[in-house]
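One structure is given here, and the rest of the page talks about it.
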Amino acid sequence: MVEEHEEQIEKWWFKKRNKYPDLVKWFCIETIEVCCPPGRYGPDCLACIGGSERPCHGNGFCSGDGTRRGNGACNCKVEYTGPFCLECADGYFSSEKNDTHAVCIACHESCKTCDGPSSKGCKDCKEGWTKEDDSCVDVDECAAEKPPCTEDQYCLNTEGSFSCKRCDESCAGCSDEGPHKCKDCAAGYVYEEDKCTDLNECDTSEAVCVRDNEICVNTSGSYICVCSGGFEEQDGKCVEIVKTDDEEVAEQNISTNAAEDSMAVHEDL
């Protein structure tokens with residue numbers, strides 16, 4: 001745009017700027033006519049709703065403001081609604097209002113609509129709240145006859161809502177957080193000292209890992225069977241690891257070097 005009108009800009013700089021010190025007004029509004037003064041819009045630079053000094057009564061934004069485009073309609077701020085942005089949107093109430101001025105303030109978090117700042121000012125309650133003694137109070141969804149969460153979750157009530165939290169891994173159903181709040185213990189756990197604790201399957205009287213050269217390793221809620229040291233699993237059996245001559249020589253060298261290092265340390269002492 002600057003290159004397109006370079007000649008006119010130079011003309012203003014050298015000949016017009018003393019008489020017309022506002023470049024935007026002289027160039028954009030009056031000369032090439034692509035702009036409007038603030039608070040005006042459209043081809044004829046009409047005043048926005050609410051007037052050019054306070055478009056949309058100060059509570060919104062005028063479509064096309066400052067340009068030759070738009071239709072002058074108000075896009076209200078979140079607190080306001082209506083063609084003039086003088087009405088309060090749902091969730092807000094009017095604290096001040098006249099023909100040209102309005103101030104809307106947020107309702108209490110429990111209110112969908114209201115006429116005052118507290119829960120007693122609610123006209124309608126939001127979802128998750130219910131009317132009680134002229135106020136909107138929280139609905140405890142967790143106290144419902146049929147709880148909203150699944151069997152492996154517990155319900156946590158919040159203001160106006162709820163959330164479902166996963167039970168501890170030791171639980172088969174729970175009422176709250178932790179292994180001491182289990183309804184029943186999950187497989188691999190037993191109830192001891194008022195909570196569900198891991199069952200050490202490897203410490204039972206009857207062996208659970210029965211293959212030759214196999215040991216039991218306890219895990220949380222379960223166990224695994226692994227081959228003993230020096231053995232590896234092949235075709236479902238634990239077989240001895242056969243070392244090559246090079247591997248045996250390398251191990252002997254490592255042992256010899258370790259012994260020599262140990263003797264050197266003792267000599268230094």
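Disulfide check for C164/C155 fails, with the SG atoms at least 2.5 Å apart. The SG atoms of C185 and C196 lie less than 2.5 Å from each other. In this structure, C48 and C56 have their SG atoms no less than 2.5 Å from one another. A disulfide is assigned to C104 and C88, since their SG atoms are nearer than 2.5 Å.
Taking the side chain as every heavy atom from C-beta outward, H108 and P117 never approach each other to under 4.5 Å. Two residues are said to be in side-chain contact when any heavy atoms from C-beta on lie closer than 4.5 Å; P37 and S52 fail this criterion. The shortest side-chain heavy-atom distance between Y189 and D198 falls under the 4.5 Å cut-off. When side chains are defined from C-beta on, D212 does not count as touching F231, because their heavy atoms never get closer than 4.5 Å. At least one side-chain heavy atom of R68 sits under 4.5 Å from a side-chain heavy atom of E33. At a threshold of 4.5 Å between non-hydrogen side-chain atoms, the residues V239 and E232 count as touching. The shortest distance between side-chain heavy atoms of L86 and Y80 does not fall below 4.5 Å. Residues N157 and E141 have side chains in contact (heavy-atom distance under 4.5 Å, counting atoms from C-beta outward).
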Under the side-chain contact (heavy atoms from CB on, under 4.5 Å) criterion, do T81 and E87 qualify, and how do the steps go?
CA-CA 5 Å; T81 188; E87 305 298 325; 3.8 Å; yes

Yes or no on side-chain contact (heavy atoms from CB on, under 4.5 Å) for K19 and W26, after CA distance, side-chain angles and deciding distance?
CA-CA 10 Å; K19 185 176 180 181; W26 178 83; over 6 Å; no

Between C174 and C182, is the disulfide bond (SG atoms under 2.5 Å apart) condition met? List the steps.
CA-CA 4 Å; C174 66; C182 298; over 6 Å; no

Using the side-chain hydrogen bond (donor to acceptor under 3.5 Å, both in side chains) rule, take D124 and T113 through it: C-alpha gap first, then chi angles, then the decisive distance, then the call.
CA-CA 5 Å; D124 299 294; T113 59; 2.9 Å; yes

For E177 and K165, run side-chain contact (heavy atoms from CB on, under 4.5 Å): C-alpha distance rounded to whole Å, both residues' side-chain angles, the deciding distance at 0.1 Å, then the answer.
CA-CA 8 Å; E177 182 181 11; K165 303 290 186 180; over 6 Å; no

Walk me through it: do E233 and E214 pass the test side-chain contact (heavy atoms from CB on, under 4.5 Å)?
CA-CA 9 Å; E233 184 160 343; E214 183 180 55; 5.9 Å; no

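The line from CZ of R69 to CG of N71 is 12.5 Å long, rounded to the nearest 0.5 Å. Rounding to the nearest 0.5 Å gives a distance of 4.0 Å between CH2 of W129 and CD of E159. Between the CG atom in D140 and the OG1 atom in T158 there is a gap of 9.5 Å [rounded to 0.5 Å]. To the nearest 0.5 Å, the span separating SG on C122 from NZ on K112 amounts to 12.5 Å. Here the NZ-NZ distance, from K131 to K123, works out to 10.5 Å after rounding to the nearest 0.5 Å. The distance from atom SG of C227 to atom CD of E240, rounded to the nearest 0.5 Å, is 12.0 Å.
R211 places a side-chain N or O within donor-acceptor distance of the main-chain N or O of G236, the cut-off being under 3.5 Å. Under the 3.5 Å distance criterion, the side-chain polar atoms of D168 are left unmatched by any main-chain donor or acceptor of C171. A donor-acceptor pair under 3.5 Å is formed between the side chain of D22 and the backbone N or O of V24. The backbone N or O of E151 lies less than 3.5 Å from no partner atom in the side chain of K183, so there is not a single donor-acceptor pair. A side-chain donor-acceptor contact under 3.5 Å links S118 to the backbone of K120. For D138 (side chain) and G160 (main-chain N/O), a donor-acceptor pair under 3.5 Å exists by modelled atom type. Between the side chain of H57 and the main chain of N59, no donor-acceptor pair closer than 3.5 Å is present. Remark: side-chain polar atoms of D44 are not paired, donor with acceptor, to backbone N or O of L46 under 3.5 angstrom. Side-chain atoms of N218 do not come within 3.5 Å of backbone N or O of Y223 as any donor-acceptor pair.
By the 4.0 Å N-to-carboxylate-O rule, E109 lies too far from K126 to be salt-bridged with it.
Here the closest non-hydrogen pair linking C149 and Q153 is CB-OE1, 3.7 Å. When every heavy atom of F162 is checked against every heavy atom of C142, the shortest pair comes out as CB-SG, 4.3 Å.
With a 6.0 Å radius and a threshold of 12 heavy atoms from other residues, nucleotides or ligands, D134 has its CG atom at or below the threshold.
When hydrophobic clusters are built by joining Ile, Leu, Val, Met, Phe, Trp and Tyr residues whose side-chain heavy atoms come closer than 4.5 Å, directly or via intermediates, I215 is not grouped with V208.
For the side chain to side chain contact (heavy atoms under 4.5 Å, CB included) with I49, the qualifying choice from P55, C62, S63, C74 is C74, the only one to do so.
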